[in-house]
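Step one of this worksheet: look at the structure below.
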Amino acid sequence: MIAIADRISGVEEYYFSKKLREIAQLRAEGKDIINLGIGSPDLKPADAVIEKLNQTAEKNNVHGYQSYKGTPALRSAFAAWYKKYYQVDLNPETEILPLIGSKEGIMHISMTYLNPGDEVLVPNPGYPAYAASARLTGATCRYYSLNDKQGWLPDLEALESTDLSKVKMMWVNYPNMPTGTSASKDLFKALKSFGARHEILICNDNPYSFILNEEPLSMLSAGLSDYVLELNSLSKSHNMAGWRVGMIAASEQHINNILTFKSNMDSGMFLGIQKAAVVALNLGDDWYASVNKTYKERRAVVWQIMDTLDCSYDKDQVGMFVWAKIPESIADVDVMINEILYQTDVFITPGFIFGDNGKRYIRISLCAPVETLEKALERIEHIKNK
């Protein structure tokens, strides 16, 4: 066999990729597995969004390659969306770059700015893609602790007491996944100032701000600078995860730098998807209210599941998950979730996949109908009452 590249050798296969194979095998054996692990919206986009895609796909001359920068209409729609909901002014010509999903943006940013020997501040717990993308560039991950005592917020004073001379980038994610911690204007101002003082690029990953969250916030509300940028996405806010529509908002120089890498990696997204995304971005407040009504109903059942498992959690969490601490009587969260899986056919995410600060936590997704969540609750109640 041909040896794999060194850059891959230190990167593990994504946990959910492996676990989904295990679940598929159980289903092949006849098990009715309820997967409450992944935050993949099960609801469809708005009818008008689907209609626009269909209308465009029927036309000639729309199926060719598209601009790496996306259509002017899509960039303008993103700019208007940021103005309306985040009160942030962005130039659609120079400060917005559409992406084929914001996850690719994590890699594009990392490949654009990181060299071997650079250090990257990565949250613990946090989305595993931040660390994986850093390792693929040859950079070194420096994990910074998030914990319940600090309200799952970064301790910037503690970081400033350390040597930051090699740190080039810091990943933040507010509203936070997996903890559900809300963003705040004060947090974003502090992060912007921290980045400027130490010449660290602060990258906020912001896909959850419209889910069960009364005040959507952008890091860019603190103002554009050479040391901040933000990723956003329609995956969660508009039920378009599989459509792969995301964006980077940043200063013109950052956009141009990242575009240099992106243009060597992919082409623009299908025109029909771009046109449909414009429709999505122009939906009214009633769209978000409807989505959140559904998630609120589901969350009430998930709280019942957590109560049945004797877990503790914060009801002020936002986003499409519930993050909860397991009881002290449980020695090992991995044993716990596998017992639940094999005794009740319900899969729940263990918190340790997001870092060792999550080893006493579990996470349940709200991306399942109330009826499915109630079935999971009944199964778990059954084994708890034995």
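Everything quoted here is computed from the prediction, not taken from an experiment. Reckoned from all heavy atoms, side chains included, excluding hydrogens, waters and symmetry mates.
- I362 and C311 get closest at one heavy-atom pair: CD1-SG, 3.8 Å.
- When the shell of 6.0 Å around NZ of K192 is examined, it contains more than 12 heavy atoms from other residues, nucleotides or ligands.
- The closest donor-acceptor contact from the side chain of S365 to the backbone of I38 lies under 3.5 Å.
- Put simply, the side chain of H108 never gets that close to the backbone of L259: no donor and acceptor are under 3.5 Å apart.
- For the ring pair (Phe, Tyr, Trp, His ring centres under 6.0 Å) condition, the pairs that include at least one residue of residues 156-206, sequence neighbours left out, are Y130-W171, F194-H198.
- For the residue pair N204 and N173, no side-chain donor N or O sits within less than 3.5 Å of a side-chain acceptor on the partner.
- A donor-acceptor contact shorter than 3.5 Å is absent between the side chain of T56 and the backbone of G272.
- When only modelled atom types and interatomic distance are considered, Y86 and E230 share no side-chain donor-acceptor pair under 3.5 Å.
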Next item on the list: Please assess V302 against L366 for the test side-chain contact (heavy atoms from CB on, under 4.5 Å), listing each intermediate value before the final yes or no.
Entry: CA-CA 8 Å; V302 172; L366 303 182; 3.6 Å; yes
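- The structure places CD of E214 at 13.5 Å from OG of S209, a figure rounded to the nearest 0.5 Å.
- Looking only at side-chain heavy atoms (C-beta outward), V322 and M306 come within less than 4.5 Å of each other.
- For an aromatic pair to be called close, the ring centres must be under 6.0 Å apart, and W152 with Y361 satisfies this.
- Scored by the salt bridge (Lys or Arg N to Asp or Glu O under 4.0 Å) test, R142 finds E119 as partners (sequence neighbours excluded).
- Taking 4.5 Å as the limit, some side-chain heavy atom of L191 sits within range of a side-chain heavy atom of M170.
- Contact record, P154 with L146: N-CD2, 3.6 Å, taken as the closest heavy-atom pair.
- In this structure, I50 is a member of the same hydrophobic cluster as V278, with clusters built from ILVMFWY side-chain heavy atoms closer than 4.5 Å.
- Between the N206 side chain and the S218 main chain, no donor and acceptor come within less than 3.5 Å of each other.
- Heavy atoms of other residues, nucleotides or ligands lying less than 6.0 angstrom from NZ of K275 number 12 at most.
- For the atom pair CD1 of I200 and CG of L164, the computed distance is 5.0 Å after rounding to the nearest 0.5 Å.
- Of the N and O atoms on the side chains of H238 and Y288, at least one donor lies less than 3.5 Å from an acceptor on the other residue.
- Both F210 and Y127 sit in one connected hydrophobic cluster of ILVMFWY residues. Membership requires side-chain heavy atoms under 4.5 Å apart, directly or through other members.
- A side-chain donor-acceptor contact under 3.5 Å links N124 to the backbone of D356.
- Side-chain contact of N357 with Y143: a donor-acceptor pair under 3.5 Å is absent, judged by distance alone.
- Looking only at distances, a side-chain donor or acceptor of R75 sits under 3.5 Å from a matching main-chain atom of G70.
- Using a 3.5 Å distance cut-off with no hydrogens or angles, the side chains of D285 and Y85 do pair a donor with an acceptor.
- In terms of hydrophobic clustering, with Ile, Leu, Val, Met, Phe, Trp and Tyr side chains grouped at heavy-atom distances under 4.5 Å, L43 and I273 are assigned to different clusters.
- Between K293 and D286, none of the side-chain N atoms (NZ, or NE/NH1/NH2) sits under 4.0 Å from a carboxylate O, so this pair counts as no salt bridge.
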Next item on the list: Take I248 and I96, measure what side-chain contact (heavy atoms from CB on, under 4.5 Å) needs, and give me the verdict at the end.
Entry: CA-CA 6 Å; I248 297 173; I96 292 174; over 6 Å; no
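- When all heavy atoms of Q66 and V62 are compared, the closest pair comes out as NE2-O, 4.1 Å.
- In this structure, a donor-acceptor pair under 3.5 Å is present between the side chains of T179 and N176.
- In this structure, the side chains of C367 and M320 come closer than 4.5 Å at one or more pairs of heavy atoms.
- Remark: side-chain polar atoms of N239 are paired, donor with acceptor, to backbone N or O of K44 under 3.5 angstrom.
- Using modelled atom types, one finds no donor on one side chain facing an acceptor on the other under 3.5 Å when comparing S184 with D186.
- Residue L229 is grouped with residue I255 when hydrophobic side chains (ILVMFWY) are merged at heavy-atom distances under 4.5 angstrom, including chains of intermediate members.
- No side-chain heavy atom of P207 sits under 4.5 Å from any side-chain heavy atom of S235.
- When all heavy atoms of S182 and D316 are compared, the pair lying nearest together is OG-O, 4.3 Å.
- No side-chain donor-acceptor contact under 3.5 Å links K375 to the backbone of I34.
- Between D205 and S233, the closest side-chain pair of non-hydrogen atoms is not below 4.5 Å.
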Checklist line | Working for side-chain contact (heavy atoms from CB on, under 4.5 Å), residues R298 and D42 | finding: CA-CA 12 Å; R298 294 175 175 188; D42 60 309; 2.8 Å; yes
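- S221 and V88 make their closest contact through N-CG2, 3.6 Å (heavy atoms, listed as atom of the first residue, atom of the second, distance).
- By the 4.0 Å N-to-carboxylate-O rule, E160 lies close enough to R197 to be salt-bridged with it.
- Remark: L201 CG to C203 SG distance equals 4.0 Å, nearest 0.5 Å.
- A salt bridge does not link K166 with D118: none of the charged nitrogens is closer than 4.0 Å to a carboxylate oxygen.
- Few gaps surround NZ on K84; more than 12 heavy atoms of other groups in view lie less than 6.0 Å from it.
- Annotation: E29, atom CD; neighbour count of heavy atoms from other residues, nucleotides and ligands within 6.0 Å is above 12.
- In this structure, CG on N115 lies 8.0 Å from OG1 on T137, to the nearest 0.5 angstrom.
- Side-chain contact check for D155 and Y144: no donor-acceptor pair (N or O, by modelled atom type) lies under 3.5 Å.
- Between E199 and K168, no side-chain nitrogen of the basic residue sits less than 4.0 Å from a carboxylate oxygen of the acidic one, so the salt-bridge criterion is not met.
- The closest side-chain heavy-atom distance from T349 to L36 is not below 4.5 Å.
- The CD atom of Q317 lies 7.5 Å from the OG1 atom of T181; values are rounded to the nearest 0.5 Å.
- With values rounded to the nearest 0.5 angstrom, Y295 atom OH is found 9.0 Å from F321 atom CZ.
- A salt bridge between D334 and K359 is absent, with no side-chain N of the basic residue lying under 4.0 Å from a carboxylate O of the acidic one.
- Across K262, R244, M265, a single residue satisfies side chain to side chain contact (heavy atoms under 4.5 Å, CB included) together with E104, and that is K262.
- Between W243 and F270, the distance separating the two ring centers is not shorter than 6.0 angstrom.
- Looking at L373 and L377, their side chains never come closer than 4.5 Å, going by heavy atoms from C-beta outward.
- No hydrogens or angles considered: a donor-acceptor pair under 3.5 Å links the side chains of N257 and Q253.
- Not one N or O on the side chain of R363 forms a donor-acceptor pair closer than 3.5 Å with the backbone of A324.
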Next item on the list: Tell me, with the steps shown, if I258 and Y113 meet side-chain contact (heavy atoms from CB on, under 4.5 Å).
Entry: CA-CA 8 Å; I258 295 164; Y113 287 108; 4.1 Å; yes
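- In this structure, V167 is not a member of the same hydrophobic cluster as Y227, with clusters built from ILVMFWY side-chain heavy atoms closer than 4.5 Å.
- For the pair T162 (side chain) and L159 (backbone), a donor-acceptor distance under 3.5 Å is present.
- A 4.5 Å side-chain heavy-atom check between K296 and L212 finds at least one atom pair inside the cut-off.
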